[in-house]
Amino acid sequence: MIKRGDASLENPTNKAILQEAGNPTEPAKILEILINNASRVVIDKLQPLEELDARRREMIAKVEALQAERNNVNKEIGRRKAAKEPCEDLFAGMKEMGNQAKELEKQLEEIDQALNNMLLTIPNVPNATTPVGRDESANVEVRRFGTPRKFDFQVKDHVDLGANLGILDFDRAAKLTGTRFSVLTGPGARLERALINFMLDTHTQKHGYREILPPFIVNAESMKGTGQLPKFEQDLFKLQGFDYYLIPTAEVPVTNLYANEILKESDLTIAFTAYTPCFRSEAGSYGRDTRGLIRQHQFDKVELVKFCKPEDSYNELEKLLDNAEEILRLLGLPYRVVALSTGDLGFSAAKTYDIEVWLPSQNTFREISSCSNFEDFQARRAGIRYKGSDAKAKTAFVHTLNGSGLAVGRTWLAILENFQEEDGRVRIPEVLRPYMGGQEYLEPLNRPAPAKAAAEMTAAS
RNA sequence: GGAAAGGUGGCUGAGUUGGUCUAAGGCACACGCCUGGAAAGCGUGAGUGGGGGCAACUCCACCGCGGGUUCGAAUCCCGCCCUUUCCGCCA
């Protein structure tokens with residue numbers, strides 16, 4: 001929060017708050033005290049906001065007074081015209097008033113814009129239950145499922161396994177496009193498709209989500225609604241010649257389905273699931289996870305999205321998280337759940353749980369899902385509200401949530417790694433077999449990997 | 001890509017010779033009366049955002065978006081966006 005909001009420790013008010021608490025020196029402690037006193041802490045970014053807000057109100061009062069007077073004269077003109085009385089004497093000053101109002105409106109517009117631009121770069125406020133900390137080292141493990149399997153042979157990673165099985169081809173993907181792309185072939189492609197269908201079927205039939213198949217390209221307004229713009233444009237692929245972007249997650253089109261709408265209170269909670277490919281530029285991740293499928297420019301994901309009443313959102317978050325975990329449990333993949341600390345939290349989220357799957361080749365857990373409650377942060381930006389049926393009911397912002405359920409590519413590679421056999425076969429989890437034509441194993445090829453085979457064929461011809 | 005028509009409140013739909021439009025009517029909605037209960041009927045209320053006020057309330061803006069003409073624009077002019085239909089192309 002402090003990292004995200006930039007509160008200076010030199011500020012007198014902030015200093016005083018720390019003094020009351022006995023001037024702690026430990027960064028985590030300082031952070032906690034400042035967060036606990038959030039209503040008093042002076043955050044550098046917020047000061048100009050307050051000034052702008054005051055100027056805005058002042059300007060509104062001026063403009064509206066002028067407009068009110070103009071309206072009154074106008075009404076009188078209308079009245080006299082209807083009564084066929086002379087009214088030319090009232091024309092004087094009207095034009096001037098109009099021009100003045102227009103001038104003031106322009107100034108107000110500028111203030112509004114400055115205010116909005118500032119507001120758009122301010123991150124969400126973490127929920128009180130979010131662990132306080134500087135970075136991911138302060139994340140808190142919530143629970144574990146399953147026991148990582150003990151291998152009595154040398155485990156291979158999914159890149160080697162995929163090559164042996166002849167189902168994963170990075171060389172040709174690089175030829176087609178470039179680095180951080182992949183081609184799945186044969187049973188590998190089918191396994192991806194099986195996972196997508198299995199996840200969608202589980203969420204729609206077992207967990208009560210409604211399936212959505214949205215556009216994979218959205219406009220800038222949608223990106224702004226969910227918080228990707230304006231701050232994170234460098235993470236996105238933008239279409240040349242259009243104000244359109246490739247979606248980095250289904251969260252964007254699905255959450256924005258209800259942008260600028262007022263939902264019926266009785267329709268909440270609304271739960272959607274959607275399969276989409278996701279496109280990310282991965283700017284700034286050079287050198288990280290360069291091997292394999294972990295970090296690709298394009299990957300498949302099944303997403304869960306909810307719209308609910310504010311009082312329900314934390315309960316819904318737990319349910320959503322459990323729905324995502326259920327996929328891993330059904331597949332039999334060991335995982336753990338981690339609550340992100342304030343320092344590791346995304347820009348838009350108030351609370352986030354990551355689900356991390358066990359990867360034998362890395363001997364560690366890696367993120368496979370991220371489940372967040374955005375509270376009303378996205379709803380405010382996208383204008384998603386709800387209202388009760390009672391005539392006196394107030395309109396209010398919904399809370400939005402989403403989570404991966406799950407990242408398909410990472411699930412695919414986790415299956416290869418966790419269920420590999422010494423002979424190179426990979427056991428297919430039982431729940432997936434109906435989607436794989438009853439097949440029990442992915443069988444290795446007895447011939448060279450595809451790229452090499454093609455090269456030999458070309459040489460021979 | 002070419003041509004035409006059109007965008008008004010939750011929906012429908014009137015309003016386009018500029019002037020009490022402070023946007024009719026209908027449907028749907030909420031509350032009340034009536035009823036054993038409901039329907040029908042009758043009555044009342046009800047859009048969104050913002051400013052001021054403890055509040056009752058009050059003021060401002062909004063007829064796809066932006067600009068222009070005018071004392072005054074839902075209405076006239078220009079640009080853009082979107083929708084529908086027809087033609088062309090295409091999976």
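Below, all heavy atoms of this structure are taken into account, side chains as well, without hydrogens, waters or symmetry copies.
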*Nearest-angstrom distance, P atom, B:A40 to B:C81*: 47 Å
_Suppose you measure atom C1' in B:C82 against the same atom in B:U20; what distance do you get, rounded to whole Å?_
34 Å
*Give the rounded distance in Å between these two atoms: CG of A:N260 and C1' of B:G47.*
15 Å
*Any A:R56 side-chain nitrogen or oxygen under 4.0 Å from OP1 or OP2 of B:G51*: yes
*When the P atoms of B:G49 and B:G7 are considered, how many whole Å apart are they?*
26 Å
_Suppose you measure atom C1' in B:G15 against the same atom in B:A74; what distance do you get, rounded to whole Å?_
8 Å
_Separation of B:G10 P from A:D267 CG (nearest whole Å)_ = 16 Å
Enumerate the protein-to-nucleotides 61-65 of chain B contacts in which both atoms are nitrogen or oxygen and the separation is below 3.5 Å.
unit_1 : atom_1 : unit_2 : atom_2 : d
B:A61  : OP2    : A:N71  : ND2    : 3.3

*If we call it a pair only when both distances are under 3.5 Å in a Watson-Crick or G-U wobble match, what pairs with B:C90?*
none
*For nucleotides B:A23 and B:A46, find the distance between their P atoms and express it as a whole number of Å.*
12 Å
_Rounded distance in Å between the C1' positions of B:C76 and B:U69_ = 8 Å
*Classify the angle between the aromatic ring planes of A:H207 and A:Y209 as parallel (below 30°), tilted (30 to 60°) or perpendicular (above 60°).*
perpendicular
_Taking the C1' atom in each of B:G79 and B:G72, what is the distance between them to the nearest angstrom?_
24 Å
_Rounded distance in Å - CG (A:N74) to P (B:C21)_ = 13 Å
*Rounded to the nearest angstrom, tell me the gap between atom CD1 in A:I111 and atom P in B:G51.*
14 Å
_If the cut-off is 4.0 Å, is A:T395 near the phosphate of B:G49, judged by side-chain N/O to OP1 or OP2?_
yes
*asked:* Among residues at least two apart in sequence or on other chains, which ones pass salt bridge (charged side-chain N to carboxylate O under 4.0 Å, His left out) with A:K351?
replied: none
*Going by distance alone, is a donor N or O of one side chain under 3.5 Å from an acceptor N or O of the other, for A:N219 and A:Y245?*
no
*Consider only side-chain N and O atoms of A:E375 and A:H399, and report whether a donor and an acceptor are under 3.5 Å apart.*
no
*Considering only atom C1', compute the distance from B:A5 to B:G9 and round it to an integer number of Å.*
23 Å
*Would the number of heavy atoms belonging to other residues, nucleotides or ligands and lying under 6.0 Å from CD of A:E430 be above 12?*
no
_Taking pairing as Watson-Crick or G-U wobble with both contacts under 3.5 Å, can you name the mate of B:A38, or confirm there isn't one?_
none
*Where each residue is assigned the nucleotide of RNA chain B containing its nearest heavy atom, which of A:K75 and A:I262 is assigned the position nearer the 5′ end?*
A:K75
*Verify the ring-centre separation between A:F347 and A:F377: is it less than 6.0 angstrom?*
yes
*Identify the nucleotide, in any strand shown, that forms a Watson-Crick or G-U wobble pair with B:C21, with both distances under 3.5 Å; if there is none, say none.*
none
*asked:* So which atom in A:L236 and which in A:P248 form the shortest heavy-atom distance, rounded to 0.1 Å?
replied: CD2-CG, 3.6 Å
*Compute whether any side-chain donor of one residue and acceptor of the other, for A:E303 and A:T276, lie under 3.5 angstrom apart.*
no
_5' priority, RNA chain B, between A:R385 and A:R57 [closest heavy atom]_ = A:R385
*Using whole Å, report how far OH of A:Y386 lies from P of B:U48.*
14 Å
*If B:G6 has a Watson-Crick or G-U wobble mate with both distances under 3.5 Å, name it; if not, just say none.*
B:C82
*State plainly whether the residues A:K309 and A:E265 are in salt-bridge range, i.e. N to O under 4.0 Å.*
yes
*Pair partner, B:G43 [Watson-Crick or wobble, under 3.5 Å]*: B:C31
*Calculate the interatomic distance between A:D243 atom CG and B:C82 atom C1'; express it in whole Å.*
16 Å
_Rounding to an integer number of Å, can you tell me how far A:E109 CD sits from B:G50 P?_
16 Å
*asked:* Rounded to whole Å, please give me the gap between CG in A:D112 and P in B:G51.
replied: 10 Å
_Sugar-phosphate only, base, or nothing, as touched by A:I60 at under 4.0 Å among non-hydrogen atoms_ = sugar-phosphate
*Could you check which nucleotide pairs with B:G72 in any of the strands shown, counting Watson-Crick or G-U wobble with both distances under 3.5 Å?*
none
